[in-house]
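If you're wondering where the values come from, they're calculated on a predicted model, not measured in any experiment. We count residues from 1, following the sequence as given. Every heavy atom of this structure was used, including side-chain atoms; hydrogens, water molecules and symmetry mates were not.
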Amino acid sequence: SIVKYSDSDAVVGMLERVKMHLGMPADAEFRRLPSSSPKTRPRPLYFSTASNLGLHKTRGVPSLLDYALPAGAPLAARRWLRSLLLMPPEPHVAMSLHRTCRELWKDHGSLPNFVAMSPANVVLKLKKREGNADFFNELKDLCSVVGAACDSPALADMCDNVLVAVASETGVRLAAHELAVKLAEVRALVDDVVEAAVKPPTSANIPSEFAGIAEVLTRMKLSNEEYKGKVKDSTIPLAVGQVEQAWSRVMIEAHACVSLAREAATFSSSSGKDPYLAYDVNNNASWIKLPRGTKMSADKASVLGLLHPRDRNGKMETAVYSTLALEEAQDEYRRSCVAAHDAVREQLRELAASVSPSIPELVGAASFSLIACVLEAHVRESKRRSWDLPNLVGFDSKGEGVLKNSLNLKAAWPYWLGGPGGIDPRVVRNSFDMNGMFLVTGPNMAGKSTMLR
């Protein structure tokens, strides 16, 4: 959305509205960064270059991402890597990513299972208060994974390098320890409200005295109580108590209704069967049905309090029977379940509001996890394909300096040739050194483009 404002200082007015939008404290300070110039950041790739590298869909050119990442890599991971290659970062960020790959190349044992969670989705769900229980469990997992990595001494160098890239993407500098502390606070907030594993109920625990109608009652209960397993019952005790009280009445009245129907039923033959309770999914109600060969006189049904209920549109259902008490009990139960659903949604909205002040750290954590996920997957796939990391010459540890105008390749081959164990033995490997500008010549189909790729 577009917000218009008339502050005398346009920049100050913009920053104030950013604070309000992100839920930041009023006294929060922004760090002003100079815009990148061509001297500090490489220019984006030309379209023809990107097409020849397989970064744009081009007929006859294999996609580089299909080989740089393992099969089944998350879409968010592919998008991030493609964006990185199309718009190369500043040298110090590129060096940090390179050092991260070198750290991941080492055997650190079991790495955290980094997840590819979109930072934009985190902001959207929290600001609009639209996060469901699954989202908050994913957010909690994100906090756990990134927090564990930031607290691990063995991964300290990797975390510091990833946070350099995170600062470049988000504009917010985060220290590993401070980020871990903030993520632990968010995780605790989510733990207090959301169930650890969001699973819909699979059983209704019907008491034994209602065993004869347990299957029907179970279907009705599971259909209405989908709110269960999302937030902890202790956060909505009143709504849960009302549902349980209304459900107890439904079970009692349904059992009594079945008994009355069997008392009123008459059989036209010896093969007649007793009336039974059936759940109508469309009307969300349990009613008595008469099997073939079983009848019920209107007078006797009326005397016993049996009646034809009305469907959700108010039309009388003449093929089924109920009682006034059962109809009232079911209506109360349905209303209490709707109220419980609303209570769950309100708890999740309040949770989003309590977590929103930590949006900058959560965006940083999501960016951290996405970058680590991409680089870990790339390193893993590179090892599988027998690729190697290049040695960059000319930059110091801070990524400062001038890259030497040379390229030395040893035993190189086209990236799209080869199998899981390396390359096809029939592939010819080539080694060459380039210093300065070279002119590549040759007839059509000689392999000039292949060599450039």
Exercise. For Lys315, does its backbone N or O pair with a side-chain atom of Asn313 as donor and acceptor, under 3.5 Å?
Worked result: no
Problem set entry | Tyr227 side chain to Asp342 side chain, donor-acceptor N/O pair below 3.5 angstrom | no
Exercise. For Ser356 and Arg129, does a side-chain donor sit closer than 3.5 Å to a side-chain acceptor?
Worked result: yes
For this session: Give a yes or no answer on whether the side chain of Lys140 reaches the backbone of Val190 with a donor-acceptor pair at less than 3.5 Å.
Result: no
Exercise. Do side-chain atoms of His98 reach the backbone of Pro390 as a donor and acceptor pair under 3.5 angstrom?
Worked result: yes
Problem set entry | Working for side chain to side chain contact (heavy atoms under 4.5 Å, CB included), residues Leu277 and Trp287 | CA-CA 6 Å; Leu277 189 69; Trp287 292 325; 5.7 Å; no
Problem set entry | Contact summary for Ala254 and Leu217, nearest pair of heavy atoms | CB-CD2, 4.3 Å
For this session: Dump the intermediate steps for salt bridge (charged side-chain N to carboxylate O under 4.0 Å, His left out) on Arg219 and Glu215, then the final yes or no.
Result: CA-CA 6 Å; Arg219 289 185 61 195; Glu215 182 178 350; over 6 Å; no
For this session: Of all the heavy-atom pairs spanning Thr170 and Ser367, show the shortest one and how long it is.
Result: CG2-OG, 3.7 Å
Exercise. Is the backbone of His378 close enough, under 3.5 Å, to the side chain of Ser382 for a donor and an acceptor to pair up by distance?
Worked result: yes
Exercise. Given side chains that start at C-beta, do those of Leu97 and Leu84 come closer than 4.5 Å, heavy atoms only?
Worked result: yes
Seminar exercise, completed: Rounded to the nearest 0.5 Å, the CD atom of Glu317 sits from the CG atom of Asp311 at a distance of 5.0 Å
Exercise. Is a donor on one side and an acceptor on the other found under 3.5 Å between the side chain of Ser168 and the backbone of Val164?
Worked result: no
Exercise. How many angstroms lie between atom NE2 of His56 and atom CG of Leu86, to the nearest 0.5 angstrom?
Worked result: 5.0 Å
Exercise. Is Asp157 paired with Arg102 through a side-chain N to carboxylate O contact shorter than 4.0 Å?
Worked result: no
Problem set entry | salt bridge (charged side-chain N to carboxylate O under 4.0 Å, His left out) between Arg78 and Asp66, worked out | CA-CA 9 Å; Arg78 292 176 62 90; Asp66 290 343; 3.1 Å; yes
Exercise. Salt bridge or not for Arg99 and Glu103, using N-O below 4.0 Å?
Worked result: no
For this session: May I ask you to decide if Asp9's main-chain N or O and Asp7's side chain share a donor-acceptor pair within less than 3.5 Å?
Result: no
For this session: Report the C-alpha separation of Tyr279 and Thr218 in whole Å, then their side-chain angles, then the decisive distance to 0.1 Å, and conclude whether the side-chain hydrogen bond (donor to acceptor under 3.5 Å, both in side chains) test is met.
Result: CA-CA 10 Å; Tyr279 177 58; Thr218 297; over 6 Å; no
Exercise. After noting the C-alpha distance and the side-chain angles of Glu328 and Arg249, does the key distance pass the salt bridge (charged side-chain N to carboxylate O under 4.0 Å, His left out) rule?
Worked result: CA-CA 9 Å; Glu328 291 176 348; Arg249 186 183 172 196; 3.4 Å; yes
Exercise. Counting only N and O atoms by type, is there a donor-acceptor contact under 3.5 Å from the side chain of Ser354 to the main-chain atoms of Leu351?
Worked result: yes
For this session: Using salt bridge (Lys or Arg N to Asp or Glu O under 4.0 Å) as the criterion, list what pairs up with Glu381, not counting sequence neighbours.
Result: Arg384, Arg385
Exercise. Just how far is it from atom CD of Glu178 to atom CD of Glu361, taken to the nearest 0.5 Å?
Worked result: 9.0 Å
Problem set entry | 4.5 Å side-chain heavy-atom contact, Cys257 and Glu253 | no
Exercise. Got a second to check how far Trp247's CH2 is from Met220's CE, nearest 0.5 Å?
Worked result: 6.0 Å
Problem set entry | Short side-chain to backbone donor-acceptor contact, Thr49 and Leu45, under 3.5 Å | no
For this session: Hey, could you give me the CG/CG distance between Leu139 and Leu126, rounded to the nearest 0.5 Å?
Result: 6.5 Å
Seminar exercise, completed: When rounded to the nearest 0.5 Å, the distance separating CD of Gln347 from CZ of Phe136 is 11.0 Å
For this session: Give me the ring orientation class for Tyr67 and Tyr415: parallel if the planes are under 30° apart, tilted from 30 to 60°, perpendicular past 60°.
Result: perpendicular
For this session: State whether the side chain of Ser152 and the backbone N or O of Ala148 hold a donor-acceptor pair below 3.5 Å, judged by distance alone.
Result: no
Problem set entry | Side-chain touch Leu75/Arg79, heavy atoms, less than 4.5 angstrom | yes
Problem set entry | Residues in side-chain hydrogen bond (donor to acceptor under 3.5 Å, both in side chains) contact with Glu169, at least two apart in sequence or another chain | Trp80
Exercise. Is Lys19 salt-bridged to Asp27, going by a charged N under 4.0 Å from an acidic O?
Worked result: no
Exercise. Is there a side-chain contact between Ser51 and Val61 (heavy atoms, below 4.5 Å)?
Worked result: no
Problem set entry | Lys/Arg N to Asp/Glu carboxylate O, Asp331 vs Arg335, below 4.0 Å | yes
Exercise. Does the Asn113 side chain pair with the main chain of Val145, one donor and one acceptor, at a distance under 3.5 Å?
Worked result: no
